[in-house]
S.K.: 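Can you read through this structure? Questions will come right after.
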Amino acid sequence: MSKHSSAVVHDGQPHYEDINTPLILMLTLITAVVTYAIIAAVQGLYFQLKNAQLARNNSGAVTMSSQYIAGEKSLLAAGSEERKITPISDSMTKIVSQFSSSEEASVSTDQVEVAR
């Protein structure tokens, strides 16, 4: 006979190593959470780097647009002879002076009739 016990024991009891089911479930849960956290962190890093690259690529366009808008605002504020633009303050003064003359009564009456 050999020193090892026989593979089949006929005593009516199961003879196998019980696995530690709670430990396996806990390790599975921890592994799933860690895997999800790693995936979320990598995606966050990717999109942060992607947005930074887009911002760097679009910064020139935004700067050019801002400069164009600033130029247009300065033209509107100061006026431009080639575009026949007068400053808004001069236009408002001119309109107020026109309406403050004797036509004020007739203009206000016309405005009331138009509003009806």
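The figures here come from the full heavy-atom set of this structure, side chains too, leaving out hydrogens, waters and symmetry mates.
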S.K.: Distance-only criterion, 3.5 Å: show the donor-acceptor pairs between side-chain atoms of residues 22-45 and protein atoms not counting sequence neighbours.
M.R.:
{"residue": "Thr28", "atom": "OG1", "partner": "Ile24", "partner atom": "O", "Å": "2.7"}
{"residue": "Thr31", "atom": "OG1", "partner": "Leu27", "partner atom": "O", "Å": "2.6"}
{"residue": "Thr35", "atom": "OG1", "partner": "Thr31", "partner atom": "O", "Å": "2.7"}

S.K.: Give the other cluster members for Leu54, using side-chain heavy-atom distances under 4.5 Å between Ile, Leu, Val, Met, Phe, Trp and Tyr residues; answer none if it is isolated.
M.R.: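 Reading the cluster by chain and number, Leu54 sits alone, since nothing else belongs.
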S.K.: Determine whether more than 12 heavy atoms belonging to other residues, nucleotides or ligands lie under 6.0 Å from atom CD of Gln53.
M.R.: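 Counting neighbours around CD of Gln53, more than 12 heavy atoms of other residues, nucleotides or ligands fall under 6.0 Å, so yes.
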S.K.: Going by side chain to side chain donor-acceptor pair (under 3.5 Å), name the residues that satisfy it together with Asn51, two or more places apart in sequence or in a different chain.
M.R.: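 Partners of Asn51 by the side chain to side chain donor-acceptor pair (under 3.5 Å) criterion come out as none, since no residue qualifies.
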